[in-house]
Amino acid sequence: MQISNNTIETFNTSNFAIKENDEQILPLINLFLIAFGTFGNLLTLSILTRKNVRKHSYMRYLSSLCIIDTLCLYTWNFSLVYSYFNIERKKIEHEGKILCRIFSFYSYFILQSSSWVICSIGMDRIITLIFRNKTNLIFLITKHSYTIVILVLLAFLWLNFLVLIKNAESVESNQLIPKEASSYSCYEPKSFYVIWDIVHIIMYSIMPFFVLIFENITLNIITVNHEKKINLHCKSMSYQTKRLVPNISDYEFRTSWKEKLAMKFDKKRRFYRKSVNIQNLNLN
């Protein structure tokens with residue numbers, strides 16, 4: 001029994017050490033990702049918002065995505081960094097009931113919006129390729145790119161509004177605290193968050209995953225069919241060109257080198273040969 005107890009104590013000590021190391025390392029990794037991601041997104045945004053670049057609709061979507069992805073960095077990752085530098089080791093959502101509701105709502109909302117803005121880029125490419133000959137439609141899509149992004153944001157604002165109402169349910173205090181006092185528990189009630197976490201996974205990950213698969217398959221089919229049409233058109237053009245080549249340079253095959261040499265010094269014969277070639281082209 002003594003050996004088994006020592007083994008259990010050693011195991012618990014090692015688990016505690018690993019957990020403590022994770023708590024020390026993970027916030028620093030998150031801090032690096034936040035700093036590097038913010039710099040990279042802002043640099044990309046400065047390029048995508050140039051006048052000659054933002055005239056394309058997909059560039060407008062990408063510039064919007066840069067802003068949204070930058071905000072995504074300041075969700076639960078930032079909360080972990082905040083707790084690392086906080087003396088009480090509290091996360092942002094545990095600093096107060098209002099902060100809990102706002103921060104949790106913001107985290108759910110911005111992550112879901114990011115996924116569906118990516119899906120909007122794929123849909124924009126599909127519509128542009130299908131209706132590439134209809135310039136008026138493409139102009140409207142480009143003009144209202146930011147409007148579509150705003151509509152996506154409003155849709156997820158409405159979807160996640162329940163988090164503002166349901167989160168941080170008040171909990172009655174125990175007997176050690178005066179009865180007038182009350183505390184809150186973030187990400188409560190559990191009955192609501194069991195369902196809401198499933199909804200979040202579906203809207204943030206599962207549905208966008210299948211939508212993007214569908215969009216990529218559709219884009220590949222459209223691109224391959226368009227490439228086939230271009231190849232057929234090029235083959236027909238090359239066939240017509242090959243038919244014209246013997247008539248244009250007919251004298252190159254039928255004229256001996258002596259006649260060619262004489263034509264170089266005889267302007268009348270050279271002019272006559274050119275006129276004959278032009279007549280043969282018109283007849284063919």
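Not measured: the values here are computed from a predicted model.
- Cluster annotation: Trp158 and Leu151 are assigned to distinct hydrophobic clusters (Ile/Leu/Val/Met/Phe/Trp/Tyr, side-chain heavy-atom contacts under 4.5 Å, transitive).
- Side-chain contact between Leu28 and Tyr84 is present, with heavy atoms from C-beta onward closer than 4.5 Å.
- Cluster annotation: Tyr108 and Ile102 are assigned to distinct hydrophobic clusters (Ile/Leu/Val/Met/Phe/Trp/Tyr, side-chain heavy-atom contacts under 4.5 Å, transitive).
- Phe103 has its side chain out of reach of Asn167: every pair of non-hydrogen atoms, C-beta onward, lies at least 4.5 Å apart.
- Between Tyr82 and Phe78, the ring planes are tilted. Angles from 30° to 60° get that label.
- To the nearest 0.5 Å, atoms CD (Glu95) and OG (Ser79) are separated by 9.0 Å.
- Residues passing the side chain to side chain contact (heavy atoms under 4.5 Å, CB included) test with Phe214 are Thr218, sequence neighbours excluded.
- Ile206 and Val211 end up in the same hydrophobic cluster when Ile, Leu, Val, Met, Phe, Trp and Tyr side chains are linked at under 4.5 Å.
- Ser205 places no side-chain N or O within donor-acceptor distance of the main-chain N or O of Ile202, the cut-off being under 3.5 Å.
- Ser57 has its side chain within reach of Arg125: a pair of non-hydrogen atoms, C-beta onward, lies under 4.5 Å apart.
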Residue pair Ile148, Val117: steps toward the side chain to side chain contact (heavy atoms under 4.5 Å, CB included) verdict: CA-CA 9 Å; Ile148 294 169; Val117 169; over 6 Å; no
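- Ile130 and Val224 are not part of a single hydrophobic cluster, where members link through side-chain heavy atoms under 4.5 Å apart.
- Considering CG of Leu129 and CD1 of Ile221, their distance stands at 12.5 Å, rounded to 0.5 Å.
- Atom SG of Cys100 and atom CD1 of Ile92 lie 11.5 Å apart (nearest 0.5 Å).
- Among residues two or more places apart in sequence or in another chain, the side chain to side chain contact (heavy atoms under 4.5 Å, CB included) test is passed with Phe156 by Phe109, Gln112, Ser113, Trp116, Val152, Leu159, Asn160, Met203.
- Other residues, nucleotides and ligands place more than 12 heavy atoms under 6.0 Å from the OH atom of Tyr146.
- Using a 4.5 Å heavy-atom cutoff, the side chains of Tyr74 and Ile110 are not in contact.
- Side chains of Leu153 and Ile68 form a contact here, defined as non-hydrogen atoms less than 4.5 Å apart.
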Step-by-step side chain to side chain contact (heavy atoms under 4.5 Å, CB included) determination, Leu111 to His200: CA-CA 9 Å; Leu111 290 170; His200 175 66; 4.3 Å; yes
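- Between the Asn220 side chain and the Asn216 main chain, a donor and an acceptor come within less than 3.5 Å of each other.
- Cluster membership for Ile165 and Val194, using ILVMFWY side-chain heavy atoms within less than 4.5 angstrom, is not shared.
- Between the CG atom of Asn41 and the CG atom of Leu73 there is a distance of 6.0 Å, given to the nearest 0.5 Å.
- At distances below 3.5 Å, at least one donor-acceptor pair connects side-chain atoms of Ser115 with backbone N or O atoms of Tyr204.
- With hydrogens and angles ignored, the 3.5 Å screen pairs a side-chain donor or acceptor of Ser83 with a backbone N or O of Leu80.
- Of all heavy-atom pairs between Thr38 and Ile34, the closest is OG1-O, 2.6 Å.
- Taking a 6.0 Å sphere around CZ of Phe192, one finds it holds more than 12 heavy atoms contributed by other residues, nucleotides or ligands.
- In this structure the side chain of Glu93 never reaches within 4.5 angstrom of the side chain of Ser104, judged on heavy atoms.
- Atoms OG1 and CZ, from Thr44 and Phe39 in turn, are 9.0 Å apart once rounded to the nearest 0.5 Å.
- Note that the CD atom of Glu215 and the CD1 atom of Ile118 stand 10.5 Å from one another [nearest 0.5 Å].
- With hydrogens and angles disregarded, a donor-acceptor distance shorter than 3.5 Å links the side chain of Arg60 to the backbone of Arg54.
- Atom CD1 of Ile98 is surrounded by 12 or fewer heavy atoms from other residues, nucleotides or ligands within 6.0 Å.
- Residues Trp76 and Asn30 have side chains not in contact (no heavy-atom distance under 4.5 Å, counting atoms from C-beta outward).
- Ser114 and Leu65 make their closest contact through O-CD1, 3.7 Å (heavy atoms, listed as atom of the first residue, atom of the second, distance).
- At least one side-chain heavy atom of Leu31 sits under 4.5 Å from a side-chain heavy atom of Phe85.
- Tyr187 and Tyr193 have perpendicular rings, their planes meeting at more than 60° on a 0 to 90° scale where under 30° would count as parallel.
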